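Here's the structure we're looking at; comments come further down.
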Amino acid sequence: MKIGVIGGTFDPIHNGHLIIAEYARTSLRFDKVIFMPSGIHPFKDNKGISESNLRIDMILLAIESNKYFEVSSLDIDRVGTTYTIDTIIELKDKYKDDELYFIFGSDIIFEIDKWKDIEKLSTLCKFVLLSRPGKNEEEINKRIESLKFSYNIHIEKVNSPMIEISSTEIRNRIKNKLSIKYLVPETLEKYILDHNLYS
């Protein structure tokens with residue numbers, strides 16, 4: 001099988017996440033895409049993040065109409081800081097004969113060499129970069145070549161629509177009593193409002 005893995009805080013997951021995951025799946029013919037909500041992130045302030053069970057419930061609602069999408073609690077079940085290398089090692093143990101692809105946005109390409117054990121990581125999975133039109137394409141291509149030369153990292157580029165939705169924007173809109181319609185799936189919008197989240 002070819003399996004895509006997309007990580008993130010997903011607080012909340014939104015239509016932008018779903019669109020890039022589907023573009024990656026169809027472009028590279030993945031058999032499935034696993035959404036991996038983060039535990040304790042090494043590069044982010046982890047304060048104020050919603051409880052993991054809420055984030056998983058929201059992902060389950062958001063992906064329920066796509067039979068190729070799954071969610072995993074692997075990262076949030078792990079004690080301590082969550083590193084991608086640990087996640088991929090555990091997934092590789094489960095999916096021994098399958099190809100793993102880690103999906104990320106074009107902004108990550110400039111910091112990926114700071115990730116823990118990047119050389120080992122590049123032997124366990126391939127990477128999928130969601131490229132967006134107008135986002136310094138020449139610089140991104142140079143960076144891909146540089147990473148390939150330095151770490152033998154295999155990166156597939158997939159063009160996706162420019163979806164400027166962020167979880168921060170959604171949380172702020174709810175705090176300010178503004179609509180989040182069309183930013184998240186309808187069932188998720190109802191869940192957020194029914195549970196009075198982010199207000």
Side-chain angles (χ1 to χ4, degrees), residues 1-25 28 30-105 108 112 115-118 120-121 124-128 130 165-168 170-171 174 180 183-198:
M1 282 199 299
K2 290 177 73 174
I3 302 170
V5 180
I6 182 167
T9 309
F10 301 122
D11 193 20
I13 189 170
H14 53 68
N15 286 340
H17 296 126
L18 300 172
I19 289 168
I20 62 173
E22 184 66 0
Y23 262 73
R25 183 188 75 76
L28 298 175
F30 292 152
D31 295 285
K32 64 179 171 181
V33 175
I34 300 173
F35 286 80
M36 187 71 64
S38 60
I40 299 174
H41 198 288
F43 299 125
K44 288 186 177 179
D45 177 3
N46 293 283
K47 292 176 184 172
I49 297 174
S50 297
E51 293 292 325
S52 55
N53 63 316
L54 285 174
R55 290 186 288 137
I56 285 183
D57 284 351
M58 288 191 283
I59 295 170
L60 286 170
L61 278 172
I63 66 175
E64 65 183 357
S65 66
N66 191 327
K67 67 178 182 178
Y68 299 103
F69 287 176
E70 293 181 7
V71 62
S72 170
S73 63
L74 200 69
D75 271 3
I76 56 181
D77 292 342
R78 189 178 303 125
V79 176
T81 303
T82 301
Y83 293 98
T84 303
I85 182 69
D86 301 323
T87 305
I88 295 297
I89 286 172
E90 284 195 50
L91 285 175
K92 199 65 187 170
D93 191 47
K94 182 176 181 181
Y95 299 104
K96 288 182 175 58
D97 299 322
D98 300 316
E99 289 181 89
L100 298 179
Y101 292 75
F102 193 84
I103 303 166
F104 63 95
I108 302 296
I112 197 168
W115 289 10
K116 183 183 174 189
D117 296 334
I118 186 64
K120 183 176 180 183
L121 183 61
L124 299 174
C125 70
K126 296 176 180 173
F127 294 89
V128 181
L130 273 299
I165 302 173
S166 74
S167 299
T168 302
I170 291 170
R171 294 194 301 271
I174 293 169
I180 58 167
L183 300 177
V184 298
E186 193 172 343
T187 50
L188 179 53
E189 177 191 7
K190 184 176 185 313
Y191 180 91
I192 290 171
L193 297 178
D194 286 351
H195 289 77
N196 207 26
L197 302 180
Y198 309 120

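Predicted, not measured: the structure shown is a model, and the values here were computed from it. Heavy-atom basis, side chains included; hydrogens, waters and symmetry copies ignored.
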Parallel, tilted or perpendicular, judged at 30° and 60°: which one describes the rings of Phe69 and Phe35?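 Ring orientation, 0 to 90° scale: perpendicular.
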
Testing the basics here: between [X] and [Y], what is the closest heavy-atom pair and its distance to 0.1 Å?
X      : Y      : value
Asp11  : Arg171 : O-NH1, 2.5 Å
Val5   : Leu91  : CG2-CD1, 3.7 Å
Tyr198 : Ser50  : CE2-OG, 3.5 Å
Leu100 : Leu124 : CB-O, 4.3 Å
Pro37  : Ile76  : O-CG2, 3.5 Å
Thr9   : Ser38  : CA-OG, 3.5 Å

[Y] backbone acceptor or donor facing [X] side chain under 3.5 Å:
X      : Y     : answer
Asp98  : Met1  : yes
Ser167 : Pro12 : yes
Asp31  : Lys2  : yes
Arg55  : Ile49 : no

Can you spot which of Thr87, Ile89, Ile88 makes a side-chain contact (heavy atoms from CB on, under 4.5 Å) with Ile85?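 Only one option passes, and that is Ile89.
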
From [X] atom [atom1] to [Y] atom [atom2], the distance as rounded to the nearest 0.5 Å:
X      : Y      : atom1 : atom2 : answer
His17  : Ile103 : NE2   : CD1   : 11.5 Å
Thr84  : Trp115 : OG1   : CH2   : 4.5 Å
Leu197 : Asp57  : CG    : CG    : 10.0 Å
Leu188 : Leu60  : CG    : CG    : 11.0 Å

Any side-chain heavy atom of [X] within less than 4.5 Å of one from [Y]?
X      : Y      : answer
Leu183 : His14  : no
Val184 : Tyr191 : no
Phe102 : Leu121 : no
Ile165 : Ile19  : no

